[in-house]
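Down below is the structure, laid out as structure tokens.
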Amino acid sequence: MLRSSPAPPWCLLPSTVGEYLSVDVEADGPIPGPYSLLSLGAAVAGRQDADGFTAADPTRQTFYRELRPISDGFVPEALAVSGLDRARLVEEGLEPALALAQFTRWVREVSGDAQPVMCGYPASYDWTFLYWYLIRFTGESPFGHSGCLDMKTLYAAKAGLPLRAVAKRTMPAHLLPRRPHTHHALDDAVEQAELLANLMAWPGPGTPR
């Protein structure tokens, strides 16, 4: 089990425990509203408390839904990445309000008394769609307005690199997930949970593994 070093006591609020949830979305365009969130996958990546980060088995507690599109617009190249059949989702996809309500309930169930944190690589695209959909269709976010962690930024900070110099191909091989990146939202959420665990346990460059 991967575990990071304990945090200094002065940097933790009382009783603050974070439940880290790896989240991946597949969408048919660059922004929500004009374009649609088509699938949503999530996996419990681990928990952080005053003793550090403890990785979870990301295949044990997972969430996956496919959603009905909310507009007619889509970018063919974006749709092709996901491999999803948009016409099928128009007929069979879950209504966004139901899918996001189910997701919110799942987040609260797996987080228990901990504060949920959405994690992504990079988080910006996934968070944009996820937060917009949560507010638009449920009126609230279980992550609040800022409860997200970007793994790309986490690596840049630990490696001492400029953010724009970071890509997975620049990372040490031992940090990379063993699972493939398939562009299936659940597969990629599980894969990214493995990356998060490796990053949280990594002390930085020039140190023993």
Side-chain angles (χ1 to χ4, degrees), residues 1-5 7 17-27 37-49 51-66 77-78 80-84 103 106-107 110-111 114-131 143 147-209:
M1 179 180 291
L2 291 173
R3 191 170 181 88
S4 67
S5 301
V17 178
E19 188 77 7
Y20 288 72
L21 309 178
S22 175
V23 177
D24 187 79
V25 308
E26 298 297 328
L37 173 63
L38 300 181
S39 64
L40 169 61
V44 174
R47 178 169 285 212
Q48 188 168 30
D49 57 22
D51 294 323
F53 177 83
T54 303
D57 176 352
T59 65
R60 287 193 59 209
Q61 294 177 289
T62 63
F63 180 93
Y64 181 74
R65 296 292 187 274
E66 295 180 353
E77 294 81 3
V81 168
S82 71
L84 292 167
F103 176 69
W106 177 83
V107 169
V110 298
S111 298
Q115 295 182 345
V117 179
M118 177 272 188
C119 308
Y121 185 96
S124 53
Y125 182 78
D126 303 86
W127 177 256
T128 296
F129 272 89
L130 180 63
Y131 186 74
F143 307 101
C148 62
L149 184 151
D150 176 39
M151 292 180 232
K152 188 172 184 178
T153 303
L154 176 62
Y155 173 74
K158 284 198 165 191
L161 293 173
L163 181 64
R164 298 305 292 268
V166 170
K168 284 184 181 178
R169 66 180 179 274
T170 70
M171 293 183 179
H174 68 274
L175 292 179
L176 298 175
R178 293 166 296 173
R179 296 175 173 88
H181 193 78
T182 66
H183 292 289
H184 181 285
L186 181 54
D187 288 349
D188 291 353
V190 171
E191 177 226 1
Q192 290 170 178
E194 185 181 345
L195 175 61
L196 177 67
N198 293 341
L199 288 171
M200 294 293 272
W202 183 51
T207 52
R209 295 184 194 177

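We use all heavy atoms of the structure for the numbers below, so side chains are in, but hydrogens, waters and symmetry mates are not.
- Between the side chain of Gln48 and the backbone N or O of Tyr20 there is no donor-acceptor pair closer than 3.5 Å.
- No donor-acceptor distance shorter than 3.5 angstrom exists from the side chain of Lys168 to the backbone of Leu176, with no hydrogens or angles considered.
- Considering only heavy atoms from C-beta on, Leu154 stays 4.5 Å or farther from Tyr121 through its side chain.
- Remark: Arg164 engages no residue in a salt bridge (charged side-chain N to carboxylate O under 4.0 Å, His left out) (not counting sequence neighbours).
- Interatomic distance, Leu196 CG to Ser22 OG, rounded to the nearest 0.5 Å: 7.0 Å.
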Legend entry - Stepwise side-chain contact (heavy atoms from CB on, under 4.5 Å) test for Phe143 and Tyr131: CA-CA 9 Å; Phe143 307 101; Tyr131 186 74; over 6 Å; no
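- For Ala157, the side chain to side chain contact (heavy atoms under 4.5 Å, CB included) test picks out no residue, with sequence neighbours left out.
- Taking the side chain to side chain contact (heavy atoms under 4.5 Å, CB included) definition, one finds that Thr153 meets it with Asp150, Leu163, sequence neighbours left out.
- Nearest heavy-atom pair across Val23 and Ala42 is CG2-CB, 4.1 Å.
- The shortest distance between side-chain heavy atoms of His184 and Tyr64 falls below 4.5 Å.
- Rounding to the nearest 0.5 angstrom, the gap separating the CG atom in Leu21 from the CD atom in Gln61 is 9.0 Å.
- For the pair Thr170 (side chain) and Val166 (backbone), a donor-acceptor distance under 3.5 Å is absent.
- His183 places none of its side-chain heavy atoms less than 4.5 Å from the side chain of Ser82.
- Note that CG of Asp126 and SG of Cys148 are 10.5 Å apart. Values are rounded to the nearest 0.5 Å.
- Under the 4.5 Å side-chain criterion, counting only non-hydrogen atoms from C-beta, Phe103 is not in contact with Arg65.
- Of all heavy-atom pairs between Gly18 and Ala114, the closest is C-CB, 4.3 Å.
- Side-chain contact between Arg179 and Asp187 is absent, with no heavy-atom pair separated by less than 4.5 Å.
- Taking every heavy atom of both residues into account, Pro58 and Val190 meet most closely at O-CG2, 3.7 Å.
- A distance of 8.0 Å separates CG in Asp24 from CE in Met118, rounded to the nearest 0.5 Å.
- Looking at Leu149 and Met151, their side chains come closer than 4.5 Å, going by heavy atoms from C-beta outward.
- To the nearest 0.5 Å, atoms SG (Cys119) and CH2 (Trp127) are separated by 10.5 Å.
- Taken from CG in Leu175 to CG in Leu195, the straight-line distance is 7.5 Å, to the nearest 0.5 Å.
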Inset, instruction - Verify side-chain contact (heavy atoms from CB on, under 4.5 Å) between Glu26 and Asp188, making sure each step is shown before the conclusion. - result: CA-CA 10 Å; Glu26 298 297 328; Asp188 291 353; 4.0 Å; yes
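- Pairing each heavy atom of Ala189 with each of Ala43, the nearest pair is CB-N, 4.1 Å.
- A heavy-atom distance below 4.5 Å is found between the side chains of Leu161 and Tyr155.
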Inset, instruction - Check the pair Gln192, His181 against side-chain contact (heavy atoms from CB on, under 4.5 Å), reporting the backbone distance first and the verdict last. - result: CA-CA 9 Å; Gln192 290 170 178; His181 193 78; 4.0 Å; yes
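- Counting only heavy atoms from C-beta outward, the side chains of Trp202 and Asn198 never approach each other to under 4.5 Å.
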